[in-house]
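Since the structure comes first, as structure tokens, the remarks are kept for the end.
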Amino acid sequence: MTSRLGDISAQLWAKILDNRNKLTTTGGIVVGVLLTLAFKDFYPDLESAFRRRLRMVRTNVHPVPGHGDYIQIQDHTGRAELPDQGTQIRGRGTLATVEDIALGIEGLIGNTPLIKLASLSEATGCEILAKAEFLNGAGNSPKDRVALAMISNAEAEGLLVPGRGDTIYEGTVGSTGISLAAVCRARGYKAYICMPDDQAIEKSDLLHKLGATVERVRPASIVDQEQFVNTARRRAQEHTDDPHRPGRGFFADQFENTSNYLAHEETTGPEIYQQVNGRLDAFVAGAGTGGTISGVALALKPLIPGLRIVLADPQGSGLYNKIKFGVMFSPTEAEGTRRRHQVDTIVEGVGINRLTANMNAGLHLIDDAVRVTDEQAMRMARWLVEKEGLFVGSSSAVNCVAAAKLARQLGKGHRIVTIICDSGTRHLSKFWKAAGDVADSDAEYSLDEILDPK
């Protein structure tokens, strides 16, 4: 009897437990159905947001500092995974790494962008492009390339030794000195800059802020021993000859030091070639030392058949006549007409009345020259502010006038590259003082009025 009651009890407990499990399972199913019904409207939005986020990770575009190009990271595995640090990835024809860090200001020199000047292109019917050399990161001009090359080559030859107390001396109207002052500090040298005292005062002010010693001298001909280049050469020798001064003096000599044009032949020219994909009709640039136009010509002429190299020359310079007629002569050199000791123009940085080693290096490759007056340069500078929002210096304005004139000569459909050398902030007290404030303009000039002012 007892055994039978135990069997009945066990069967009852088994049924109870079975029913409880059924109820729990049923309850779970019911809860699941209710939750599904509750989220059925919300789920598509949740899934859509998730997929958008996934696509952002799978195709992510990152600018690469110092390259002027972009790399594109794409996930072809179905998973959102970024490559390991330092992995090489290809994008838009360029190999780069995920981590690409420039080393100091030297890493910010070169690889400047090429920009289209929309207003000049539209007005001329040609594609006018400008190499934005003012975006070099040391002294903010093409002279950054030259300063770095001159110092690096001098170090390689043992003429300069970091930390020895060496000082670099240079005669310059401004931009080369500023670039040298910046790179000197980065490399462990001091800079001593000699410049004409009629240059914009903000240039020497900036040099002082960069820690350079500045000696302003009266403008004079190169045959005068007190001329700014000759003074810099003499100061360097005095330093070297003085046993009580640390280190030695090194005269950079940008006019005759061929590191100048070689820097542009090895960097600026190849960069332009790559940026235009080998399609270019003309290159236009002014000449102060001649390094930029010679170097770029030497780099591009062999690569682009039919390429024209055109000099942009300000009034008072003798290079225009040298290219046009084979004689170094400027009308302002005539007796009784010369008003300045160097070049009769308010334009700074380009224009010269002698041939330098750097100019001679590419002189045979220059096809033509365009003369630009001060008035044309000032009107072009205002145009670039009004139409492009670009505030440029005097030599850049000369380049753009010459590029526009050449575009009119060549006719529509051609592609021209020129140089924007530096910002107008270095030309406030002289060139821009004469050009005036854009806000005071009663009417904007047309391109015809710029190219042929009455």
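- Here the closest heavy-atom approach between residue D422 and residue R426 is recorded as OD2-CD, 4.0 Å.
- The ring-ring contact (aromatic ring centres under 6.0 Å, His included) contacts involving residues 350-408 comprise F391-W432, where partners must be two or more places apart or lie in separate chains.
- Using a distance-only test at 3.5 Å, with no hydrogens or angles considered, a donor-acceptor pair links the side chain of N230 to the main chain of D224.
- Side-chain N or O atoms of D166 include one that pairs as donor or acceptor with a backbone N or O of V161 at under 3.5 Å.
- For L159, the side chain to side chain contact (heavy atoms under 4.5 Å, CB included) partners at least two apart in sequence or on another chain are A154, E157, R248, F250.
- Both tests pass for R379 against the ring of Y445: distance under 6.0 Å to the centre and angle within 45° of the axis.
- Considering only heavy atoms from C-beta on, S204 stays 4.5 Å or farther from Q199 through its side chain.
- The minimum heavy-atom distance linking T112 with A132 is given by the pair CB-O, 3.4 Å.
- Side chains of S294 and N358 form no contact here, defined as non-hydrogen atoms less than 4.5 Å apart.
- Both tests hold for R354 against F255: distance to the six-membered ring centre under 6.0 Å, angle to the ring axis within 45°.
- Side-chain atoms of Q376 come within 3.5 Å of backbone N or O of L451 as a donor-acceptor pair.
- The closest donor-acceptor contact from the side chain of E170 to the backbone of G177 lies at 3.5 Å or more, if one exists at all.
- For residues 275-284, every residue pair satisfying the side-chain hydrogen bond (donor to acceptor under 3.5 Å, both in side chains) rule, not counting sequence neighbours, is listed here: K131-Q275.
- A heavy-atom distance below 4.5 Å is found between the side chains of I272 and T268.
- Annotation: side chain of I366 is not in contact with side chain of K322 (no heavy-atom distance under 4.5 Å).
- Side-chain contact, E238 with Y169: no donor N or O sits under 3.5 Å from an acceptor N or O.
- Within a 6.0 Å radius of CD in E256, more than 12 heavy atoms belonging to other residues, nucleotides or ligands are found.
- The local environment of NZ in K190 is sparse, with at most 12 non-hydrogen atoms from other residues, nucleotides or ligands closer than 6.0 Å.
- No hydrogens or angles considered: nothing links the side chains of Q315 and T373 as a donor-acceptor pair under 3.5 Å.
- When atom types are taken as modelled, the side chain of R235 and the backbone of C194 share no donor-acceptor pair closer than 3.5 angstrom.
- Between S396 and C421, some side-chain heavy-atom pair lies under the 4.5 Å cut-off.
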Show your working on salt bridge (Lys or Arg N to Asp or Glu O under 4.0 Å) between E106 and R187 and close with a plain yes or no.
-> CA-CA 9 Å; E106 295 175 25; R187 285 289 184 95; 2.6 Å; yes
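- Proximity of E375 to M378: side-chain heavy atoms (C-beta onward) are separated by under 4.5 Å at one or more points.
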